[in-house]
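When a ligand or atom number is given, it counts from 1 through the structure's own listing order. We count residues from 1, following the sequence as given.
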Amino acid sequence: MKLKELESCLQQVDGFEEPKILLEQYPTSPHIAGCMLYTIHNTYDDIKNKLVADLGCGCGVLSIGAAVLDAGLCVGFDIDSGALDIFKQNVEEFELSNIDTVQTDVSTIGSSFAKKFDTVIMNPPFGTKHNQGIDMQFLKTAISMARGAVYSLHKTTTRDHISKKASDWKVKMEVIAELRYDLPASYKFHKKKSVDIQVDFIRFTPK
Ligand SMILES: C[S@@+](CC[C@H](N)C(=O)[O-])C[C@H]1O[C@@H](n2cnc3c(N)ncnc32)[C@H](O)[C@@H]1O
């Protein structure tokens with residue numbers, strides 16, 4: 001599938017109806033989600049026939065993209081039942097059968113799913129809403145769940161910190177791309193409608 005086709009397919013995914021600010025419910029745009037998934041699939045072959053987890057899946061744009069690209073199964077994890085209801089409606093509309101959901105707090109997963117997935121993909125909360133450190137909790141959990149690679153988005157300002165943690169956790173870290181992420185203003189106490197932040201698209205693999 002071409003990148004343009006994937007992007008236009010992801011434009012059909014419905015987003016949050018009433019986003020919960022404290023859960024950082026802003027969706028990954030079809031453009032960014034498309035570029036991430038296209039790279040994971042075409043450059044690294046980490047989606048087709050793989051068991052994929054999507055942490056903080058929200059309404060499912062990354063999970064649905066992975067399923068459309070022929071993941072063996074993609075399982076979306078999110079704490080919020082409202083987001084998962086929209087996720088399930090999206091799955092019905094796309095008529096996908098290789099997709100499932102688990103409602104849970106990702107920060108409490110611990111080692112329950114240790115090495116159970118081939119690939120983990122995520123756009124985690126950045127930890128800017130009285131939830132400082134949640135991004136690193138998501139990352140630690142993702143690394144424990146994956147037999148293969150973890151693909152994640154992180155604020156570029158946290159790159160040095162993440163690099164130190166990656167070294168502690170004995171994983172290799174590669175910044176695949178630097179992106180401008182259009183964050184709704186309510187997440188940054190900003191007067192403008194939205195504000196661009198610099199975000200790294202990172203691949204983590206076992207050393
Ligand atoms: C930035 S949004 C990304 C949503 C979706 N993955 C996407 O790409 O559009 C972060 C998601 O993490 C979820 N979330 C926040 N805290 C969580 C937690 N502790 N456990 C599980 N999910 C959480 C939110 O409900 C939200 O859906």
Side-chain angles (χ1 to χ4, degrees), residues 6-7 9-40 47 52-69 71 74-91 94 99-110 112-113 117 119-142 144-145 150-155 158 179-188 194-202:
L6 180 61
E7 262 188 59
C9 168
L10 296 179
Q11 272 159 8
Q12 313 306 315
V13 177
D14 288 336
F16 299 104
E17 276 159 17
E18 290 174 21
K20 298 187 175 92
I21 289 185
L22 289 177
L23 292 177
E24 297 195 46
Q25 289 186 335
Y26 40 84
T28 312
S29 69
H31 174 63
I32 290 182
C35 290
M36 288 171 72
L37 293 161
Y38 187 84
T39 306
I40 298 169
I47 292 185
V52 178
D54 173 12
L55 303 189
C57 59
C59 304
V61 68
L62 294 175
S63 291
I64 287 170
V68 165
L69 291 171
C74 181
V75 184
F77 293 76
D78 205 286
I79 196 168
D80 184 42
S81 60
L84 290 176
D85 286 345
I86 300 172
F87 183 118
K88 287 171 200 160
Q89 284 167 25
N90 280 322
V91 170
F94 275 79
I99 200 160
D100 209 345
T101 55
V102 175
Q103 186 184 359
T104 189
D105 179 346
V106 166
S107 64
T108 64
I109 286 181
S112 324
F113 292 94
F117 289 86
T119 306
V120 178
I121 56 178
M122 59 180 186
N123 177 7
F126 291 137
T128 51
K129 288 306 195 187
H130 308 290
N131 54 354
Q132 207 185 1
I134 188 90
D135 52 338
M136 298 312 291
Q137 285 179 21
F138 265 65
L139 184 55
K140 192 173 186 192
T141 303
S144 83
M145 290 169 75
V150 172
Y151 297 87
S152 186
L153 296 179
H154 294 274
K155 284 198 296 180
T158 62
L179 313 165
R180 278 212 324 271
Y181 195 102
D182 190 22
L183 201 64
S186 47
Y187 293 93
K188 296 288 282 180
S194 69
V195 56
D196 278 352
I197 59 165
Q198 285 294 126
V199 168
D200 291 340
F201 174 34
I202 310 182

- Item | Closest heavy-atom pair and its distance - C57, G76 | SG-C, 3.5 Å
Does ligand 1 have an atom that lies less than 4.0 angstrom from a heavy atom of [X]?
{"X": "F77", "answer": "no"}
{"X": "T104", "answer": "yes"}
{"X": "A83", "answer": "no"}

Determine yes or no for a side-chain-to-main-chain donor-acceptor pair under 3.5 angstrom, with [X] supplying the side chain and [Y] the backbone.
{"X": "D200", "Y": "I202", "result": "no"}
{"X": "Q103", "Y": "I79", "result": "yes"}
{"X": "D78", "Y": "G58", "result": "yes"}

Taking distance alone, with N or O pairs closer than 3.5 Å, would you say [X] contacts ligand 1?
{"X": "G56", "answer": "yes"}
{"X": "D78", "answer": "yes"}
{"X": "Q25", "answer": "yes"}
{"X": "T28", "answer": "yes"}
{"X": "L55", "answer": "no"}
{"X": "P124", "answer": "no"}

- Message: Quiz question: by atom type and distance under 3.5 Å, do the side chains of Y151 and D54 form a donor-acceptor pair?
- Response: no
- Task: Return yes if a side-chain donor-acceptor contact under 3.5 Å exists between E24 and N131, otherwise no.
- Result: yes
- Message: Could you check whether F16 and F87 have their ring centres less than 6.0 Å apart?
- Response: no
Can you list the ligand 1 atoms lying under 4.0 Å from a non-hydrogen atom of [X]?
{"X": "I134", "value": "19 (N)"}
{"X": "Y26", "value": "1 (C), 2 (S), 3 (C)"}
{"X": "P27", "value": "9 (O)"}

- Provide, to 0.1 Å, the distance between atom 10 (C) of ligand 1 and the closest protein heavy atom, together with that atom's residue and name. E24 O, 3.5 Å
- Query: Among all protein non-hydrogen atoms, which one is nearest to atom 3 (C) of ligand 1, and what is the separation to 0.1 Å?
  - Reply: N123 O, 3.4 Å
- Step-by-step side chain to side chain contact (heavy atoms under 4.5 Å, CB included) determination, F201 to H154: CA-CA 7 Å; F201 174 34; H154 294 274; over 6 Å; no
